[in-house]
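In each ligand, atom 1 is the first atom listed, and ligand 1 is the first ligand listed. All figures in this text were calculated on a predicted structure; none of them were measured in a lab.
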Amino acid sequence: MMNFYMPAKVFAGEYAVRDHMKDALKGFRGPVLLVTGASSAKKSGALDDVLSALRDAGLESRIYDGIRENPLLTSCMEAGQLAHDAGCDLIIGIGGGSPMDAAKSIAIFAAYPGLSEADFYKKAWATPLPVIAVGTTSGTGSEVTAVSVVTDSTGRKHSINDPRLFPVASFGDPRYTMSMPLPVTLSTGADAIAHSMESFFSRKANEFSRAAAIRGIRLAYAPMKKAAAGEALTLADRSDLYEASILGGLAISVTGTAYPHNVGYFLTEHCNVPHGFACAVFLPSLMEHIRKEAPETADAFYSALDISEADMRALIVSTLPEEKLGLSEEDIENELPRWENNGTVKNTLGTVTQDYIRGLLKSV
Ligand code: NAP
Ligand code: FE
């Protein structure tokens, strides 16, 4: 069986916005809401390219630049109201996963202003506004997923996954990722690797997702090794990393993620660990877990990658910061029920028990 659905038009490569945004904007009358973080949309050059395409198309725009890392649901509500009041017919998210994911949730609130938090999560909405994603990091693959991860009013990260949230078109120009500082390159690259690896070790993996996952990790391996060694990345390296992130996104758009992602949310919420690091810290244990519980899958993975298990582990460890987090026993115990019936935990090959997760959290 090889089922998949990925309706976004994807333009990944140098000058993608300049060359193709015009087509994607056809049929919209504006105004358009541009959703960004604090400064990277400008710094990367992406915002200027998008503004120039909008000018050429004769479309007006408004900017909401209030999205921060791990975007808040309340910011999405606020921006959605703004888009609604301005009569916008399109949302363009420009940035890393945070603005791109936020754009998807904003598109819901723009179509249903005043929608409550509960109804948002219950999916008591029909058709969000269309979204275009313009990526400036090489990590989340949000360009090609139907997922929006936002932080709810209690401070928890939740991902909402629905085919209506696929962007209509996505753009990624590796030139935009040149301005990423090293820790952002490492964390987002680790996220891309995590997506591919978790997807491969998922119960839902199929021929398409496995092929995307393997190619994604193979493309990311050399530039991540360079970055971890502190070497500067060339545009060709950046391009490989960007494509790796898209391939990782395609892989999880079929399978979803495995437990490292969901357990990683907790590290972000409690200790402010950047998303990619928070997930990748659990990859070495995922590798051990799969070696023990599904050895044929482990063999198939490293042989398709043509990278040894030891080298893969060494790469991951070399990308991670060294600090110890020291979560309190109480925090861990309070949080454990969260993973009792969790989809990503059940999605992981083998058996992942509460005891196992307790051990993982104590070890970071
Ligand atoms: P991010 O949170 O979007 O951005 C991290 C930091 O990098 C921000 O300070 C941002 O600055 C900066 N930055 C972004 N692009 C830059 C550039 N080109 N040059 C310089 N700085 C740049 O990071 P992310 O890792 O891409 O996204 C993480 C979020 O995505 C998390 O909330 C995670 O849960 C979610 N996620 C979603 C999916 C999915 O399938 N949808 C998958 C995995 C993760 P600004 O604030 O100025 O923009
Ligand atoms: Fe991720």
Side-chain angles (χ1 to χ4, degrees), residues 6 8 34-47 64-73 75-76 93-105 131 133-151 156-162 165-167 170 172-199 216 233 238 241-242 245-246 248-258 260-269 272-280 282-283 344:
M6 212 299 290
L34 304 178
V35 176
T36 75
S39 61
S40 70
K42 278 196 203 104
K43 238 190 292 179
S44 63
L47 180 63
Y64 181 83
D65 62 4
I67 298 303
R68 295 296 170 263
E69 285 180 55
N70 312 300
L72 299 177
L73 186 67
S75 309
C76 297
I94 309 173
S98 297
M100 288 192 286
D101 278 9
K104 298 172 187 173
S105 290
V131 169
V134 179
T136 67
T137 60
S138 37
T140 68
S142 181
E143 294 91 332
V144 293
T145 69
V147 173
S148 172
V149 187
V150 286
T151 303
R156 270 203 183 176
K157 291 185 71 153
H158 285 289
S159 70
I160 167 160
N161 185 345
D162 190 284
L165 296 179
F166 274 113
S170 288
D173 183 334
R175 291 178 313 137
Y176 301 154
T177 67
M178 293 295 288
S179 53
M180 282 193 290
L182 181 63
V184 178
T185 302
L186 288 175
S187 177
T188 55
D191 189 26
I193 290 176
H195 293 158
S196 285
M197 188 184 287
E198 291 177 37
S199 174
L233 298 189
R238 295 286 184 188
L241 270 185
Y242 191 76
S245 76
I246 295 294
L250 289 173
I252 55 168
S253 78
V254 174
T255 60
T257 53
H261 255 69
N262 210 276
V263 182
Y265 287 169
F266 176 58
L267 304 189
T268 300
E269 293 158 3
N272 227 353
V273 180
H275 171 71
F277 292 143
C279 305
F282 299 117
L283 293 182
T344 68

> Under a heavy-atom criterion of less than 4.0 Å, does Gly139 contact ligand 1?
Replying inline: no
>> Suppose we measure from atom 7 (O) of ligand 1 to each protein heavy atom; which comes out shortest, and what is that distance?
In response: Val184 CG1, 3.6 Å
> Which residue holds the protein heavy atom closest to atom 1 (P) of ligand 1, what is that atom called, and what is the gap in Å?
Replying inline: Ser98 OG, 3.4 Å
>> Could you go through Ser142 and Asp101, starting from their C-alpha distance and side-chain angles, then the distance that decides it, and tell me whether this counts as side chain to side chain donor-acceptor pair (under 3.5 Å)?
In response: CA-CA 7 Å; Ser142 181; Asp101 278 9; 2.6 Å; yes
> Near Thr145, which atoms of ligand 1 are under 4.0 Å from a heavy atom of that residue?
Replying inline: 39 (C), 40 (O), 41 (N)
>> Just to confirm my output: which protein heavy-atom neighbour is closest to atom 32 (O) of ligand 1, and how far is it?
In response: Lys157 NZ, 3.2 Å
> Is the side chain of Ser245 donor-acceptor paired with the backbone N or O of Tyr242 at a distance under 3.5 Å, no angle test?
Replying inline: yes
>> Between Thr140 and Asp191, is there a side-chain heavy-atom distance shorter than 4.5 Å?
In response: yes
> How is the N/O/S atom of His275 that comes nearest to the Fe ion (ligand 2) named?
Replying inline: NE2
> What's the atom name of the N, O or S in Asp191 nearest to the Fe ion (ligand 2)?
Replying inline: OD1
> Strictly under 2.8 Å, is any N, O or S atom of His195 next to the Fe ion (ligand 2)?
Replying inline: yes
> Under 4.0 angstrom from ligand 1, any heavy atom of Ser253?
Replying inline: no
> For Ser148 and Ser105, what are the C-alpha separation, side-chain angles and deciding distance, and is it a side chain to side chain donor-acceptor pair (under 3.5 Å)?
Replying inline: CA-CA 6 Å; Ser148 172; Ser105 290; 2.7 Å; yes
>> In this structure, does ligand 1 have an atom that sits under 4.0 Å from one of the heavy atoms of Met178?
In response: no
